[in-house]
Asks: 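Once you've had a glance at the structure underneath, I'll fire off some questions.
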Amino acid sequence: MLKFTKIERPSTPREAYELLRSSKTARVIGGGLWMRLQHRAIPCVIDLSACGLDQIEESDDAFVIGAMTPLSALESHADFARATNGVFTAAVRDIVGPQFRNLATVGGSLYGRFGFSDVLCALLALECEVKFTGAGRMSLADLCEEGYPRDVLERVVVHRRPYQASYKCLRRQATDFPVVNVAAAYWGDEWHVAVGARPCRARLLTGSQLGLESKRPSREELARALEAVRTLPFGSNYLASAAYRRHVAGVLAVRAVCEAAGMEVPAPLEGRFEDEAKALGAEGAEE
Ligand SMILES: Cc1cc2nc3c(=O)[nH]c(=O)nc-3n(C[C@H](O)[C@H](O)[C@H](O)COP(=O)(O)OP(=O)(O)OC[C@H]3O[C@@H](n4cnc5c(N)ncnc54)[C@H](O)[C@@H]3O)c2cc1C
């Protein structure tokens, strides 16, 4: 069972940050849904619920999302969905259930950098920054790659771009952890493809790394992207083998890029996916 000796409820992110800095054993709590799975005693938790970080602000340039915003609030934000091609809504709709998503926060989801995270995978493909109280702003891609400071995550900034985007995920059944997830987005004249649940945390590949040059990629470009995604490291766990994940990640990436580009997957590629799936056979699920 998770136990807290003391709960602090500061009224500003700065106060929360000072509390965090004043004690090595203090921990920030978001929705607490992941933390509650732990069996330990935390001497001091810092609850951010009075810091005014549960709002989504919209300007001409960006959406500024408070770290304490519940997943459900962003999921059902019509302007955000319109501006991002609905990728976030698609990404989170199978996370446990509505009551759960009313409590789990955007900040807790990104700070945790969970390997399986649909939230991280979807936002990674967009132009997205995070703002910490102490460390200031950094790109979500840097946070994902390099880890995070011991700090208070205040806000997530999703810049407005003319996104063409799509989210694809494979789950054994609805509400399970994802086996593999992929987000593809075209913006800033190049493709951005995030691949998560490998089962380690999401990796972002962009334009030349993917071999994708055009907004409407040719079959050859898609074949290059398929190979690029499959060269990422994949691992095995109770949900699927590395070989199965590698296969599925490639398929989902090509389908996501094609959907975002508003085109069908070329028939020879779909045929190739079927042949590969047959060759993988029963090896798929367990290794
Ligand atoms: C049973 C279960 C199934 C799940 N399934 C999925 C799934 O399929 N897909 C998916 O994407 N996610 C899934 N999740 C993860 C979930 O969506 C949330 O990402 C997770 O619960 C963390 O959000 P939280 O608000 O509960 O964070 P918390 O549990 O409160 O915190 C998580 C971590 O982040 C730190 N933290 C929280 N907020 C801040 C902040 N503002 N600043 C600094 N540090 C902070 C905490 O100290 C802690 O280390 C699942 C979680 C559970 C428990």
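First listed ligand is number 1; within each ligand, the first listed atom is number 1.
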Asks: Below 4.0 angstrom from a heavy atom of Ile29, which ligand 1 atoms are there? Numbered from 1 as shown, please.
Replies: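 Those atoms are 30 (O).
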Asks: Tell me which one of Trp34, Tyr17, Phe177 gets a heavy atom nearest to atom 4 (C) of ligand 1.
Replies: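 That would be Phe177.
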Asks: Who's the nearest protein heavy-atom neighbour of atom 41 (N) of ligand 1, and how far?
Replies: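 Going atom by atom, the protein heavy atom closest to atom 41 (N) of ligand 1 ends up being Leu153 O, 3.0 Å.
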Asks: Under 4.0 Å from a heavy atom of Val96: give me the atoms of ligand 1 that qualify, with their elements.
Replies: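 What qualifies from ligand 1 is 3 (C), 4 (C).
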Asks: Does any N/O atom on Gly31 come nearer than 3.5 Å to any N/O atom on ligand 1?
Replies: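 Gly31 vs ligand 1: N/O contact under 3.5 Å present.
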Asks: From the options Ala197, Pro70, Gly108, select the one whose nearest heavy atom is closest to atom 38 (N) of ligand 1.
Replies: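 Shortest heavy-atom distance from atom 38 (N) of ligand 1: Gly108.
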Asks: Where is the nearest protein heavy atom to atom 11 (O) of ligand 1: which residue, which atom, and how far?
Replies: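 The closest one turns out to be Asp118 N, 2.7 Å.
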Asks: Determine the sole option in Val182, Leu222, Leu252 for which the side-chain contact (heavy atoms from CB on, under 4.5 Å) test with Val257 is passed.
Replies: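 Running side-chain contact (heavy atoms from CB on, under 4.5 Å) over Val182, Leu222, Leu252 with Val257 returns exactly one hit, Leu222.
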Asks: Quick test of your reading of the model: are Arg203 and Glu145 salt-bridged, counting only N-O distances below 4.0 Å?
Replies: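 A salt bridge is present here (some side-chain N lies under 4.0 Å from a carboxylate O).
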Asks: Any atoms of ligand 1 less than 4.0 Å from a non-hydrogen atom of Leu71? List them with their elements.
Replies: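 Listed by number with element, the hits are 17 (O).
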Asks: For atom 8 (O) of ligand 1, grab the closest protein heavy atom and report residue, atom and distance to one decimal in Å.
Replies: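 Atom 8 (O) of ligand 1 sits closest to the protein heavy atom Arg171 NH2, 2.9 Å.
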Asks: Considering non-hydrogen atoms of the protein only, which is the closest contact for atom 51 (C) of ligand 1, and what is the distance?
Replies: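 Result for atom 51 (C) of ligand 1: Phe100 CZ, 3.3 Å.
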Asks: Is it true that a side-chain atom of Arg40 and a backbone atom of Lys3 form a donor plus acceptor pair closer than 3.5 Å?
Replies: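 Not a single qualifying donor-acceptor pair exists.
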Asks: Can you name the atoms of ligand 1, numbered from 1 with element, that are less than 4.0 Å from a heavy atom of Ala67?
Replies: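 Those of ligand 1 that fall under 4.0 Å from Ala67 are 41 (N).
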Asks: Look at atom 53 (C) of ligand 1 and say which protein heavy atom is nearest, naming residue and atom and giving the distance to 0.1 Å.
Replies: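 The answer is Leu33 O, 3.4 Å.
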Asks: May I ask you to check if ligand 1 and Val28 share an N or O to N or O distance below 3.5 Å?
Replies: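 Yes; at least one N/O pair falls below 3.5 Å.
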Asks: Is it the case that atom CG in Asp189 sees more than 12 heavy atoms from other parts of the structure closer than 6.0 Å?
Replies: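 No, because the 6.0 Å sphere around CG of Asp189 holds 12 heavy atoms or fewer from other groups.
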Asks: Please say whether more than 12 non-hydrogen atoms of neighbouring residues, nucleotides or ligands are located less than 6.0 Å from CD in Glu264.
Replies: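 Incorrect, the count does not exceed 12.
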Asks: Looking only at protein heavy atoms, identify the closest one to atom 19 (O) of ligand 1 and say how far it is in Å.
Replies: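 Checking every protein heavy atom, the shortest distance to atom 19 (O) of ligand 1 gives Ser109 OG, 2.7 Å.
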Asks: So, Asp118 and Tyr167: side-chain donor and acceptor under 3.5 Å apart, yes or no?
Replies: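 Yes, Tyr167 and Asp118 have a side-chain donor paired with an acceptor closer than 3.5 Å.
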Asks: Taking distance alone, with no angle check, do Asp94 and ligand 1 share an N/O pair under 3.5 Å?
Replies: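 No; the residue has no nitrogen or oxygen that sits under 3.5 Å from a nitrogen or oxygen of the ligand.
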Asks: Got an N/O contact under 3.5 Å between Arg27 and ligand 1?
Replies: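 Such a contact does not occur with ligand 1.
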Asks: May I ask you to check whether over 12 heavy atoms, not counting those of Arg272, lie within 6.0 Å of atom CZ?
Replies: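 For Arg272, atom CZ is crowded (more than 12 foreign heavy atoms under 6.0 Å).
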Asks: Do any N or O atoms from the side chain of Gln209 and from the backbone of Thr206 form a donor-acceptor pair under 3.5 angstrom?
Replies: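 Indeed, once roles are kept as given, a pair shorter than 3.5 Å links the two residues.
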Asks: Checking Arg230 against Glu276 for the salt bridge (Lys or Arg N to Asp or Glu O under 4.0 Å) test, could you report, in this order, the C-alpha distance in whole Å, the side-chain angles of both residues, the deciding distance, and whether it holds?
Replies: CA-CA 13 Å; Arg230 287 181 173 167; Glu276 286 171 353; 2.8 Å; yes
Asks: In terms of the angle between their ring planes, are His77 and Phe63 parallel, tilted or perpendicular, with boundaries placed at 30° and 60°?
Replies: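 Correct class here is perpendicular.
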Asks: Can you tell me which portion of Asp151 lies within the under-4.0 Å heavy-atom range of ligand 1? Options are side chain, backbone, both, or neither.
Replies: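 Answer for Asp151: backbone.
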Asks: Determine whether the aromatic ring centres of residues Phe100 and Trp34 are separated by less than 6.0 angstrom.
Replies: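 Distance test on ring centres: not under 6.0 Å, no.
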Asks: Short list, please: which atoms of ligand 1 are under 4.0 Å from a heavy atom of Ala104?
Replies: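 Per the distance check, 25 (O).
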Asks: Enumerate the atoms of ligand 1 whose separation from the nearest heavy atom of Ser117 is less than 4.0 angstrom.
Replies: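 Taking each heavy atom of Ser117 in turn, ligand 1 has 11 (O) under 4.0 Å.
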Asks: Considering only non-hydrogen protein atoms, determine which one is nearest to atom 28 (P) of ligand 1 and report residue, atom name and distance to 0.1 Å.
Replies: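 Here the closest protein heavy atom is Gly32 N, 3.6 Å.
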Asks: Can a donor-acceptor pair be found, under 3.5 Å and without considering hydrogens, that links the side chain of Asn237 to the backbone of Leu239?
Replies: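 It does hold such a pair.
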Asks: Among protein heavy atoms, which lies nearest atom 35 (C) of ligand 1, and at what distance?
Replies: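 For this ligand atom, the closest protein heavy atom is Tyr111 CD2, 3.4 Å.
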Asks: State the atoms of ligand 1, each with its element, that fall below the 4.0 Å cut-off from a heavy-atom position in Val119.
Replies: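 Reading through ligand 1 atom by atom, the close ones are 11 (O).
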Asks: Using only heavy-atom distances, determine whether the side chains of Asp61 and Ser59 contain a donor-acceptor pair under 3.5 Å.
Replies: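 Judged by distance alone, the side chains do not pair up.
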Asks: Looking only at distances, please establish whether an N/O atom of ligand 1 is found under 3.5 Å from an N/O atom of Thr105.
Replies: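 Yes.
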Asks: Below 4.0 angstrom from a heavy atom of Leu37, which ligand 1 atoms are there? Numbered from 1 as shown, please.
Replies: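 The list of qualifying atoms is 53 (C).
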Asks: Could you tell me whether Arg150 atom CZ has more than 12 heavy atoms of other residues or ligands within 6.0 Å of it?
Replies: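 Counting neighbours around CZ of Arg150, more than 12 heavy atoms of other residues, nucleotides or ligands fall under 6.0 Å, so yes.
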Asks: Does only the side chain of Arg150 get under 4.0 Å from ligand 1, or the backbone, or both, or neither? Count heavy atoms.
Replies: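 Neither; nothing of Arg150 gets under 4.0 Å from ligand 1.
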Asks: Check whether any N or O atom of Phe114, backbone or side chain, sits under 3.5 Å from an N or O atom of ligand 1, and answer yes or no.
Replies: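 Min N/O separation from ligand 1 is not below 3.5 Å for Phe114.
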Asks: Could you check whether Thr69 and Gln55, counting side-chain N and O atoms only, form a donor-acceptor pair closer than 3.5 Å?
Replies: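 No, Thr69 and Gln55 have no side-chain donor paired with an acceptor closer than 3.5 Å.
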Asks: Taking 4.0 Å as the limit for heavy-atom contacts, which would you say applies to Asp176 with ligand 1: side chain only, backbone only, both, or neither?
Replies: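 Asp176 to ligand 1: backbone contact only, side chain stays beyond 4.0 Å.
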Asks: Give, for atom CD1 of Ile95 and atom CG of Leu33, the distance between the pair rounded to the nearest 0.5 Å.
Replies: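 Rounded to the nearest 0.5 Å, the CD1-CG separation comes to 11.0 Å.
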Asks: Would you say Phe116 has any N or O atom under 3.5 Å from an N or O of ligand 1, going by distance alone?
Replies: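 For ligand 1, there is no N or O atom that lies under 3.5 Å from one belonging to Phe116.
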